[in-house]
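What you are looking at is a predicted structure, and each value in this text was computed from that prediction instead of being measured.
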Amino acid sequence: MAIALFGTGLLGGAIARRLLEGEQELWVWNRSPERCQDLIQAGARSAATAQEVAEQADWLITVLSDGPSTSALLLGDLDQQLDGRTVIQIATIGPEESQALADGVAARGGRYLEAPVLGSKPEALLGRLQLMAGGEPAVFAAAQPILTQLSEAPRRLGAVGSAMACKLALNQLIASLTHAFSLSLHLVQRSGVEVEAFMEILRGSALYAPTFDKKLERELAGDYGNPNFPTAHLRKDLALFLQATQAAGLNGDGLEGLLHLLQGSTAAGLDGLDYCALHALTAGHGAERAPR
């Protein structure tokens with residue numbers, strides 16, 4: 001199989017490395033060409049334009065930053081290359097954005113499968129992403145040789161839009177759990193309670209989530225570098241979740257305050273850091289006090 005992958009950032013680059021372990025021919029493209037160089041040295045191929053890269057493969061994988069950039073690539077740059085090709089769209093975007101992409105790809109003679117994933121660089125490199133798919137059963141079946149390289153058990157959840165809704169629901173839990181734990185941790189520390197005593201009680205309760213221990217040391221040390229999932233992406237996904245809940249007729253008012261808090265991460269210099277840098281925001285730190 002010849003595959004063209006567009007977007008070689010944290011997740012896209014790791015997915016590309018995983019695919020290179022298979023026997024497929026892999027072509028890669030990024031708007032910043034230098035971000036492809038390590039992959040080219042590892043065996044991937046590239047070309048000067050996105051169109052040239054797309055023309056080398058029947059399978060086009062997109063792992064870009066958001067819906068608008070994905071739409072600009074697929075329905076703009078690759079307008080003439082979609083006929084007869086299948087798009088696997090991995091970036092987290094809104095359900096309505098995904099449906100619009102599916103319609104646009106179909107109108108140009110292509111096939112479309114949304115395939116967002118839970119997990120990041122470490123899981124991608126090991127082929128252990130939790131992959132959710134939305135699209136036609138036949139497209140999902142045809143994509144199995146690719147999907148099973150990335151995930152031990154890829155799941156089709158339904159039509160286009162269903163997998164994106166599920167992914168946003170999961171990422172909302174990342175934001176909410178991180179926020180709740182951060183506030184609790186700050187309060188017990190400022191009240192003179194030993195952190196380990198608090199954690200022992202928490203671990204023995206139904207309230208415990210493994211993500212608390214996963215981020216505990218980072219939060220205590222203020223070490224938010226080397227992110228697998230940056231704060232800016234968490235903010236983007238929470239905003240998309242709230243848009244989806246509004247479209248579904250749900251009341252998401254309780255999360256508006258969290259979104260407002262995350263909107264302060266840009267001024268605080270936290271956008272490019274690990275999402276648990278939210279801990280600096282709940283402490284009331286301004287930009288001059290934010291860990292870097």
Side-chain angles (χ1 to χ4, degrees), residues 4-15 29-31 50 59-79 82 85-108 110-120 124 129-136 139-140 143 146-147 150-151 154-175 228-248 250 252 255 259 262-263 271 275:
L5 185 143
F6 301 85
T8 57
L10 282 171
L11 180 60
I15 287 174
W29 179 88
N30 193 288
R31 291 194 186 278
W59 295 89
L60 312 181
I61 299 177
T62 56
V63 200
L64 302 181
S65 59
D66 54 29
S69 60
T70 305
S71 180
L73 173 74
L74 289 175
L75 307 185
D77 296 343
L78 302 185
D79 177 74
L82 295 179
R85 294 184 168 90
T86 302
V87 173
I88 300 177
Q89 203 299 106
I90 291 178
T92 302
I93 64 176
E96 292 183 355
E97 289 179 307
S98 192
Q99 184 59 63
L101 283 176
D103 293 343
V105 170
R108 291 162 175 77
R111 303 192 300 176
Y112 178 91
L113 186 75
E114 62 181 20
V117 297
L118 191 63
S120 190
L129 293 165
Q130 293 194 55
L131 188 148
M132 303 150 263
E136 293 296 327
V139 181
F140 178 68
I146 296 174
L147 303 184
L150 307 179
S151 172
R155 301 182 182 187
R156 177 183 174 271
L157 300 181
V160 171
S162 61
M164 286 301 168
C166 184
K167 179 56 163 52
L168 291 177
L170 292 165
N171 279 18
Q172 181 273 135
L173 289 174
I174 294 175
N228 289 320
F229 185 38
T231 306
H233 290 187
L234 183 67
R235 180 180 64 243
K236 181 263 293 183
D237 292 351
L238 183 60
L240 288 173
F241 176 83
L242 284 168
Q243 292 171 16
T245 58
Q246 184 176 23
L250 301 171
L255 290 174
L259 179 59
L262 284 167
Q263 287 168 344
D271 274 3
Y275 68 86

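Within the 4.5 Å cutoff, side-chain heavy atoms of Ile93 are placed close to those of Leu101. For the pair Leu74 and Phe6, the minimum side-chain heavy-atom distance is 4.5 Å or more. Using a 4.5 Å cut-off on side-chain heavy atoms (C-beta onward), Thr92 and His233 make no contact. Taking 4.5 Å as the limit, some side-chain heavy atom of Leu60 sits within range of a side-chain heavy atom of Leu82. No side-chain heavy atom of Leu150 sits less than 4.5 Å from a side-chain heavy atom of Val117.
The distance from atom OG of Ser71 to atom CG of Asp66, rounded to the nearest 0.5 Å, is 10.0 Å. A distance of 7.0 Å separates CG in Leu5 from CD1 in Ile90, rounded to the nearest 0.5 Å. Atom CG of Leu168 is separated from atom CG of Leu173 by 11.5 Å, given to the nearest 0.5 angstrom. Between Met164 atom CE and Leu240 atom CG the span is 10.0 Å, to the nearest 0.5 Å. Between atom CD1 of residue Ile174 and atom CZ of residue Phe229 there is a gap of 5.5 Å, rounded to the nearest 0.5 Å.
Partners of Asp79 by salt bridge (charged side-chain N to carboxylate O under 4.0 Å, His left out), not counting sequence neighbours, listed by chain and number: Arg108. The side chain to side chain contact (heavy atoms under 4.5 Å, CB included) check on Asn228 picks up Ser120, Lys121, Pro122, with sequence neighbours excluded. Legend: residues meeting salt bridge (charged side-chain N to carboxylate O under 4.0 Å, His left out) with Asp77, ordered by chain and number and at least two apart, are Arg31. Scanning for side chain to side chain contact (heavy atoms under 4.5 Å, CB included) contacts around Ala165 gives Pro95, with sequence neighbours left out. With sequence neighbours left out, Leu64 forms a side chain to side chain contact (heavy atoms under 4.5 Å, CB included) with Ser69, Thr70, Leu73. Listed by chain and number, the residues in a side chain to side chain contact (heavy atoms under 4.5 Å, CB included) with Leu259 are Arg235, Leu238, Ala239, Leu242, Glu256, Gln263 (sequence neighbours excluded).
Summarising the geometry of Leu118 relative to Met132, their closest heavy-atom pair is N-CE, 3.7 Å, with the distance given to 0.1 Å. Listed here is the closest heavy atom pair of Tyr275 and Thr231: CA-OG1, 3.4 Å. Across all non-hydrogen atoms, the minimal contact from Ala143 to Leu113 is CB-CD2, 4.1 Å. The two residues Pro68 and Glu97 come nearest to each other via the heavy atoms CD-OE2, 3.6 Å. The two residues Ala102 and Tyr112 make their nearest non-hydrogen contact at CB-CD2, 3.4 Å. Considering all non-hydrogen atoms of both residues, Ala115 and Ile88 come closest at CB-CG2, 3.8 Å.
Counting heavy-atom neighbours within 6.0 Å of Glu136 CD, excluding the residue itself, gives a total of 12 or less.
Between the side chain of Lys167 and the main chain of Asp237, no donor-acceptor pair closer than 3.5 Å is present. A donor-acceptor pair under 3.5 Å links the side-chain atoms of Glu114 to the main chain of Gly161, judged by distance alone.
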Assess the residue pair Ile15 and Leu129 against the criterion (side chain to side chain contact (heavy atoms under 4.5 Å, CB included)); give the C-alpha distance rounded to whole Å, side-chain angles, the decisive distance to 0.1 Å, and a yes or no. CA-CA 10 Å; Ile15 287 174; Leu129 293 165; 4.3 Å; yes

